Amino acid sequence: MITPLHAESAPATAGRSATPIILDSNGYAGTGSAQQSPLLDGLNPQQKEAVEYRGQALLIIAGAGSGKTSVLTRRVASLLETRDAWPSQILAITFTNKAAAEMRERVHAILGQASDGMWISTFHSSCVRILRREAEKIGLSSTFSIYDSADSKVTLKRIIKGLDADTYGFTPGSAGAKISKLKNELADADSYARNANMSDPQEVMFVEIFRQYSARLRAASALDFDDLIGETVYLFRAFPKVAALYRRRFRHLLVDEYQDTNHAQYALVHELTRPVTAELAQEMEDDGVHVRNLRDGSGAIPGASLTVVGDSDQSIYAFRGADTRNISGFERDYPGAKVILLEQNYRSTQNILSAANAVIGHNFDRTDKKLWSAGGDGEKIVGFTAYSGHDEAQFVSDEIQVLHAAGMAYRDMAVFYRTNAQTRALEEILVRSATPYRVVGGTKFYERAEIKDALAYLIAVANPVDELALRRILNTPKRGIGPATETALSSFADDNELTFRQAMRNCAALGLGPKVTGTILKLAELLDAAALLLVPTSVTDDGVPVGGSNVSDVLEFLLGGSGLLAVLRGSRDPQDEVRAENIEELVAQTKDFNKENPDGGLVDFLTQVSLVAAADDLDDASGTVSLMTLHTAKGLEYEAVFLTGVEEGLLPHQMSANEPGGPAEERRLFYVGITRARKRLYLSLAMTRAQFGDINVAMPSRYLQEIPAELIDWKQSPGMANSRGGTQPRALNARRDGGFGGFGNSLTSSSDGYGGRSGYGTSAKPAGLPPGKPKTEWANKITGTVRDNGSLELAAGDRIRHHDFGEGRVNQVTGEGTKRIAHVQFDTAGAKKLLIKIAPIEKI
DNA sequence: TCCGGCAAGATTTTT
DNA sequence: TCTTGCCGGA
């Protein structure tokens, strides 16, 4: 049991919290005097127990859609309500910033201000927060840089080149993956070398790469993503007194998505929940740290209580080192742990759950768990086999329109895919049908070259020893400093034990041309001047520095001084216009940051930028269809889900075939995708898929056959697509070698024909095409030329001809400018919405 | 040093 | 298909 906290241990909130927190201002009015806390309203017995249990360790096995987030937030609220904890004693860890924000919001909605002071954040953010505070203890600057995988790659590339390690088969990717894996196991170059087979020259080379990589990061005062966790663990292990401070502070640790934790994260949790020894506690007390009321009979501070939530069936990050043994071994790691199973699903219909159960049931070596719903069977799952990726996209788009017409909001629909490359076809069709959509994740804003350039200027100011950032901006924009000069500067720095930045300041000693020397000095001066801007101009009576420039001022100063923005604006390349706009967007973001974080400095901004994840920019309020990978879909839910590309080679992905446990992990991924759907689930696949510019034959995924046939209503089964393929000329027939033969038949048993339906992938049906237009013409031409009908005037009543849909009549034109949309009733293809600017149409 | 042209390689998933 | 890297010429 946890020692209840007494009032004297209360932080500043004590005064306000003298009475138990009353929730009636938040919609719980009238239940205040009831025996049961309103926090438990509407929960089933298992959920209630998960909220109310008090003990050292709690494992909540939460199946998909079992109300996990709700339980977790209520548990946090309950801890505060029952005064088992003060907000500052709670550390809740989620996987994404998005999940953290949502949890913070929900707790705040229940408790209001009483929730202030909690740490609710990701593993990485929490670690950065701790590390910035304790940086000098482990030999880092508190303004250390955070390297993303691209930065690591660049660094590794230089090392591999310097060592000629590519002759041993090392690439930045392969070496990076191996280093990352080792770091996730808390190994470093030295510990690895001790166990490595050093008679193998390749191993020797790898150790050298690892060593140099670590050395470079250290010299640049930089940490990569894996270091953020690993160094925090190291900090706690090497400095017990530092660890004790955090162990004393965080009395309640809650970890979400525990199945996705890797060894380093596991170790971190372990470090944080260890007891503080009596000696150390005494030492702290002698140092004036308030610990008395936390100490037990022996004088020690017991370990914090730990709650973990997870579902090993949803573990999809094994490739990143996630180890489900963390969850399966929880009871061993924390003897006496309570385990609560949440199996009732509140999200999906029974049909969807039955499919999910059937699929995941094919994974052996798992504790059986059956999701069930009290919500009824619901609609059948819809299956569709398209001829091509574009055809599939057309089906998705048409079906979205059908759902939308039936009253479903765009924001309640999502399209999932295994690889980012699949977005292309989807986007093309969605743009054409004027369906509002957004791609979640994908090429991220902060990964764009021009944004990284601008950020590199900021990083160079914040962390002057970061060579990577300096070398990035050295010749960006072009200022006549080539690779030769760059190398000269770099070796000059190495030879004289200077940082790259110091080398720049002293470059006159290098004997370069006067012009180049001047340019380098000017850049160094620009960075120095920017750093001066940040220095506070005065100090308040309380010793708080004020008056330093904020992030946007510094950024604008750097952009002006370097000419980065001006060069892009002056370029003839139309792409540079977009790049300039992106940089302006970044400036706008720094201004937003200033507003939202008045006390936030440059380093805070850079930290935030470094740790944003794909799912984080998801804006639920926007009325758009969401497109995302299956990985980013985890933790989200939608009324209708389109799971596309359910093909061999894609799901399971080709790359997973050789990996041990690969197909099982891919199955879990499929399972995660299925269980995101509340009411409608669509599974689609294509018989051919464009890849690297040419077209490959695709086979239905093995996982499809694991779903009981009666659950799927095939609008077009693989067998049907196959049999009809022979009757119509198709562009791809020539490439086909009859490989579909045995497949479809096992899947067609449930098919109920398609003849009566209209509006499904009209363009896929040879019968629906205008006469005299064989499929060969359109099979893959959608990627073709960029059209611009910007000036085309259309009005209701006009007749038009569409390249694919044939002739039709315009019913209505909506929107303005480039977003004008024609609502067209086609003679044979039905009703369509077309973006006038780019649709392949002409007026007749 | 910069730029254009051409060949080769790439794509699993992400904090 | 698209991006990256290498080569040769200015």
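These numbers were taken from a predicted model, which means no experiment stands behind them. Heavy-atom basis, side chains included; hydrogens, waters and symmetry copies ignored. Each chain gets a letter, A, B and so on, in the order its sequence line appears, and its residues count up from 1.
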Item to check | Q259(A) and E257(A): CA distance, side-chain angles, deciding distance, side-chain hydrogen bond (donor to acceptor under 3.5 Å, both in side chains) verdict | outcome: CA-CA 5 Å; Q259(A) 76 281 357; E257(A) 309 282 14; 2.9 Å; yes
Nearest to side-chain heavy atoms of [X], which nucleotide of [options]:
X       : options                   : result
H124(A) : dT11(B), dT14(B), dT15(B) : dT15(B)
S149(A) : dT15(B), dT11(B), dT14(B) : dT15(B)
T629(A) : dC2(C), dT13(B), dT12(B)  : dT13(B)

Checklist entry - Is the distance from OP1 or OP2 of dT11(B) to the nearest side-chain N or O of N420(A) less than 4.0 Å? => result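 Answer no for this pair, as no side-chain N or O of N420(A) is under 4.0 Å from OP1 or OP2.
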Checklist entry - OP1 or OP2 of dT1(B) sitting under 4.0 Å from any side-chain N/O of T485(A)? => result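 The answer is yes; a side-chain N or O of T485(A) sits under 4.0 Å from OP1 or OP2.
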How long is the line joining [atom1] of [X] and [atom2] of [N], in whole Å?
X       : N       : atom1 : atom2 : value
Y446(A) : dT14(B) : OH    : C1'   : 17 Å
L669(A) : dT12(B) : CG    : C1'   : 9 Å
M655(A) : dT12(B) : CE    : C1'   : 7 Å
K515(A) : dT1(B)  : NZ    : C1'   : 10 Å
E428(A) : dT1(C)  : CD    : P     : 11 Å
E665(A) : dT14(B) : CD    : P     : 12 Å
R424(A) : dT11(B) : CZ    : C1'   : 10 Å
F123(A) : dT15(B) : CZ    : C1'   : 11 Å

Tabulate protein N/O versus nucleotide N/O from nucleotides 4-10 of chain C, keeping only pairs under 3.5 Å, one per line.
{"from": "dG5(C)", "atom 1": "OP1", "to": "K157(A)", "atom 2": "NZ", "distance (Å)": "2.3"}

Item to check | Criterion side-chain contact (heavy atoms from CB on, under 4.5 Å) against E450(A), the qualifying member of N582(A), L564(A), L565(A), L586(A) | outcome: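 Considering N582(A), L564(A), L565(A), L586(A), a side-chain contact (heavy atoms from CB on, under 4.5 Å) with E450(A) is found only for N582(A).
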Next on the checklist: Ring centres within less than 5.5 Å and planes less than 30° apart: is that true of F319(A) and dT12(B) in this structure?
Outcome noted: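 F319(A) ring does not meet the centre or angle cut-off for dT12(B); no stack.
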Next on the checklist: By the definition side-chain hydrogen bond (donor to acceptor under 3.5 Å, both in side chains), identify the one residue from H362(A), E647(A), E648(A) that meets it with R702(A).
Outcome noted: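 The residue from H362(A), E647(A), E648(A) that satisfies side-chain hydrogen bond (donor to acceptor under 3.5 Å, both in side chains) with R702(A) turns out to be E648(A).
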Tell me the closest heavy-atom pair linking [X] and [Y], and the distance in Å.
X       : Y       : answer
Y417(A) : V439(A) : OH-CG1, 3.8 Å
I120(A) : A100(A) : CG2-O, 3.6 Å
Q314(A) : R668(A) : N-CD, 4.4 Å

Next on the checklist: Assuming nearest nucleotide by heavy-atom distance, tell me which of D226(A) and K153(A) is located more 5' along DNA chain B.
Outcome noted: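 Of the two residues, K153(A) wins.
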Next on the checklist: Can you confirm whether E581(A) is buried at CD, in the sense that more than 12 heavy atoms of other residues, nucleotides or ligands lie under 6.0 Å from that atom?
Outcome noted: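 Yes.
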Next on the checklist: Taking OH in Y234(A) as the centre, count heavy atoms belonging to other residues, nucleotides or ligands within less than 6.0 Å. Is the count above 12?
Outcome noted: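 Incorrect, the count does not exceed 12.
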Next on the checklist: For a quick check of understanding: with a heavy-atom distance under 4.0 Å over all strands, which category does F95(A) fall into, base, sugar-phosphate or nothing?
Outcome noted: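 Sugar-phosphate, backbone atoms only, no base.
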Checklist entry - If the P atom of dT4(C) is compared with that of dT13(B), how far apart are they to the nearest Å? => result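 Roughly 15 Å separates the two P atoms.
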Do any N or O atoms of the protein come closer than 3.5 Å to N or O atoms of nucleotides 2-8 of chain B, and which pairs are they?
{"from": "dC2(B)", "atom 1": "OP1", "to": "G480(A)", "atom 2": "N", "distance (Å)": "3.2"}
{"from": "dC2(B)", "atom 1": "OP2", "to": "N475(A)", "atom 2": "ND2", "distance (Å)": "3.3"}

Next on the checklist: Per the ring pair (Phe, Tyr, Trp, His ring centres under 6.0 Å) rule, what does the pair list look like for residues 656-676 of chain A, sequence neighbours excluded?
Outcome noted: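 Of all non-adjacent pairs touching residues 656-676 of chain A, those that pass ring pair (Phe, Tyr, Trp, His ring centres under 6.0 Å) are F670(A)-Y703(A).
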Item to check | Short side-chain to backbone donor-acceptor contact, R667(A) and I360(A), under 3.5 Å | outcome: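 Side chain of R667(A) to backbone of I360(A): no pair is present.
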